[in-house]
Amino acid sequence: MTGLAVIDLETTGLYFRKDRILEVGIVLLDADLREEYRWCSLVNPERAVTAEHIHGISATDVHAAPTLRDLCEDLAAMLDGRAVVAHNA
């Protein structure tokens, strides 16, 4: 293991079975818990955005953002070999 990947997600709503990711944030930490890299991206959820009152992200904000499918290869590379820590999971 080369360190940790701390992940925070925002979603279109509050129901994991129907809502989708609309923002991803990742902080990579080395084995001594020093920050190595910080990355975030809005994500086009390809559906309506609800719960805007919680996360403050609107449909207009994510309209031109990449889809999660578009980001998968980069996300996999960032997480490779790291223990994943999820915020508020």
Side-chain angles (χ1 to χ4, degrees):
M1 180 178 81
T2 60
L4 303 175
V6 182
I7 300 175
D8 186 29
L9 304 173
E10 295 297 338
T11 61
T12 56
L14 302 174
Y15 302 99
F16 74 94
R17 292 188 190 264
K18 72 173 191 144
D19 288 309
R20 293 191 182 172
I21 295 169
L22 62 107
E23 184 176 37
V24 179
I26 299 175
V27 176
L28 301 180
L29 304 174
D30 68 16
D32 294 319
L33 303 181
R34 290 183 300 246
E35 185 176 324
E36 294 181 302
Y37 184 68
R38 183 178 291 249
W39 178 89
C40 69
S41 179
L42 290 172
V43 178
N44 183 334
E46 301 179 290
R47 59 151 294 172
V49 175
T50 57
E52 186 176 338
H53 64 286
I54 295 173
H55 47 61
I57 300 168
S58 71
T60 303
D61 295 332
V62 298
H63 176 74
T67 66
L68 192 56
R69 193 177 316 102
D70 296 332
L71 297 172
C72 280
E73 192 173 312
D74 291 337
L75 291 171
M78 277 188 268
L79 301 179
D80 186 42
R82 295 182 183 264
V84 176
V85 179
H87 175 265
N88 200 23

Practice problem: Would you check, one step at a time, whether the test side chain to side chain contact (heavy atoms under 4.5 Å, CB included) holds for Val43 with Arg20? | Solution: CA-CA 9 Å; Val43 178; Arg20 293 191 182 172; over 6 Å; no
Practice problem: Please tell me if the side chains of Leu14 and Ile54 come closer than 4.5 Å, counting only heavy atoms from C-beta onward. | Solution: yes
Just verifying a value: how many Å separate [X] [atom1] and [Y] [atom2], rounded to the nearest 0.5 Å?
| X | Y | atom1 | atom2 | value |
| --- | --- | --- | --- | --- |
| Leu68 | Leu75 | CG | CG | 6.5 Å |
| Arg82 | Asp80 | CZ | CG | 9.5 Å |
| Leu28 | Leu4 | CG | CG | 9.5 Å |

Practice problem: List for me each residue that meets salt bridge (charged side-chain N to carboxylate O under 4.0 Å, His left out) alongside Asp30, sequence neighbours excluded, and say none if there are none. | Solution: Arg34
Search all heavy atoms of [X] against all heavy atoms of [Y] and return the closest pair with its distance.
| X | Y | answer |
| --- | --- | --- |
| Ser58 | Glu52 | CB-OE2, 3.5 Å |
| Pro66 | Ser41 | CG-OG, 3.9 Å |
| His63 | Asn44 | O-ND2, 3.1 Å |
| Thr50 | Gly13 | OG1-CA, 3.6 Å |
| Glu35 | Arg38 | OE1-NH2, 2.8 Å |

For [X], side-chain hydrogen bond (donor to acceptor under 3.5 Å, both in side chains) partners two or more places apart:
| X | value |
| --- | --- |
| Arg69 | Glu46 |
| Thr67 | Asp70 |
| Asp8 | His87 |
| Asp19 | Thr12, Arg47 |

Quiz item: Residues two or more places apart in sequence or in another chain: which of them pass side-chain contact (heavy atoms from CB on, under 4.5 Å) with Glu23?
Solution: Glu10, Leu42, Ile57
